[in-house]
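The structure under discussion appears below in the form of structure tokens.
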Amino acid sequence: MLEKNKLYTIWVYLQAEPLFWLTLTIGAFLVGDYLYKKSKLNPLVNPVAISILLVASILIATGISYERYFNGAKFIHFMLGPATVALAIPIYKQIHLIKKETTSIFISLIAGSLFAIFSTYSFAKLMKLDIEIIYSMMPRSVTAPIAMGISELIGGVPSLTAIITIITGIVGASFGTFALDILRVKDMTARGFAFGLASHGIGTARAMSRNETAGIFAALALGLSGVATSIIIPLLFKLINF
Amino acid sequence: MLKSVFIIFLFQLIGESIQKYFELTIPGPVIGLILLLISLILTKSTKNIFIRKTKEEITTTSNFIISYLSLLFVPIGVGVVMHLSYLENNYIEVLGVIFFSTILTIGFTALLMEAINNQFKKHVRKK
């Protein structure tokens, strides 16, 4: 009984400290990454999805609130900002490729972003979803912080947008490869660009793990579509009455 | 290592400040990315050993951070699972919209870009 008490005391102490949650998050990710590599990079064995489910089930099993977990794991979350800045390096390294394809990058960027916004809007209307949910969904293909900012601007719910955006990333990373294989797209720059444009950072991570050129074009699309969408959506709302 | 971490943080800091000051919808880190990219291009042919060494260091650090890009989405992703109730009774509709729209967007964008690139290559060959 005494032993059990002691263990409980240690647990109470540990779960209040970031160390435990950081170790758990990295550990869960290593498991996810191991399975992803073991499956020979099968897109359905998505390392992000696996680690999220592992951590979430531990939280649910122990009754720890998400706020407490996040308070500990926020150091990892914090690195998203510097990682975004760091994407300048791969883009810089391939600047000659980008210069060569400026026209196709620009056209694909505008057309792809508009396609993402309008297909989301039309499907959501078709499903008769509430307008508040539709607004929260419209910016979902860009990286979460941008999407949340746009959502707030047009009358969506930013926290709902965050959820929808992350699911979008996982869906793109998991099923995008199949779609492009069926369509027989062989151009690695086009494959990568589509991943980054439609499923932001999670899609980019997937592209990077498969092919360097695809990864770089995904990173490029991630940055460009973030900028383009944050200009296009507010502009559309001024022009059209959704 | 420390020098490159400092520079990456510094560019994000500048980006965040610009975003706040001009009240832009583009997030600070993306502005930081653009500024860092411009700085890299401007110093492309520099002969200054210090700048070249620093650039090499930034490359190593950036490659390390980017290779673990997926990990950085886990904390916010856990929040998604824990807050799924926000979707109320619209799970299937919302997931359906996300699924079809995302797959179609990926297909549309990739096909379009490949077609333009092929067109361009043909054009160059004719010349």
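Each chain gets a letter, A, B and so on, in the order the sequences are listed, and its residues count up from 1.
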* Structure fact -> Counting heavy-atom pairs under 4.5 angstrom with chain B, the leader among Ala205(A), Pro82(A), Gly112(A), Ser174(A) is Pro82(A)
* Asked: Do the side-chain N and O atoms of Thr46(B) and Asn48(B) include a donor-acceptor pair separated by under 3.5 angstrom?
  -> no
* Is there a donor in the side chain of Ser101(B) and an acceptor in the side chain of Thr120(A), or the other way round, less than 3.5 Å apart? -> yes
* To do: Measure distances from Leu80(A) to the heavy atoms of chain B and classify the residue's part below 4.5 Å as side chain, backbone, both or neither.
  => both
* To do: Could you go through the side-chain hydrogen bond (donor to acceptor under 3.5 Å, both in side chains) check for Tyr36(A) and Ser209(A) one step at a time?
  => CA-CA 10 Å; Tyr36(A) 180 53; Ser209(A) 75; 2.9 Å; yes
* Structure fact -> If one checks every heavy atom of Thr189(A) against chain B at 4.5 Å, the contacting part turns out to be both
* Asked: With side chains defined as the heavy atoms from C-beta onward, is the minimum distance between Leu180(A) and Phe195(A) less than 4.5 Å?
  -> yes
* Residue selection (most heavy-atom pairs with chain B, distance under 4.5 Å) from Lys128(A), His77(A), Lys100(A) -> His77(A)
* Return yes if some donor-acceptor pair links the side-chain N/O of Ser113(A) with the main-chain N/O of Ser225(A) below 3.5 Å, else return no. => no
* chain A contact via Val81(B) - which portion, at a heavy-atom distance below 4.5 Å -> side chain
* Asked: What option among Ala124(A), Pro90(A), Gly149(A) has the most heavy-atom pairs under 4.5 Å with chain B?
  -> Ala124(A)
* Asked: For the candidates Phe123(A), Trp21(A), Phe115(A), which exhibits the highest count of non-hydrogen atom pairs separated by less than 4.5 Å from chain B?
  -> Phe115(A)
* Inspect the contact between Arg191(A) and Asp181(A) and indicate whether a charged nitrogen and a carboxylate oxygen are less than 4.0 angstrom apart. => yes
* Heavy-atom distance under 4.5 Å to chain A: side chain of Phe108(B), backbone, both or neither? -> side chain
* To do: For the residue pair Ile216(A) and Gln94(A), establish whether any side-chain heavy-atom pair is separated by less than 4.5 Å.
  => yes
* Structure fact -> Per-residue tally against chain B (heavy atom, under 4.5 Å) across Ser104(A), Gly215(A), Ala198(A) peaks at Ser104(A)
* Give, as side chain, backbone, both or neither, the part of Leu153(A) having an atom under 4.5 angstrom from any heavy atom of chain B. => side chain
* Quick one: which of Phe29(A), Phe175(A), Tyr69(A) has the most heavy-atom pairs under 4.5 Å with chain B, could you say? => Phe29(A)
* Side chain, backbone, both or neither: which part of Phe9(B) has a heavy atom under 4.5 Å from chain A? -> side chain
* To do: Could you tell me whether the side chain of Tyr91(B) reaches within less than 4.5 Å of the side chain of Leu84(B), counting heavy atoms only?
  => yes
* Asked: Contact part of Leu95(B) toward chain A, heavy-atom cut-off under 4.5 Å: side chain, backbone, both or neither?
  -> side chain
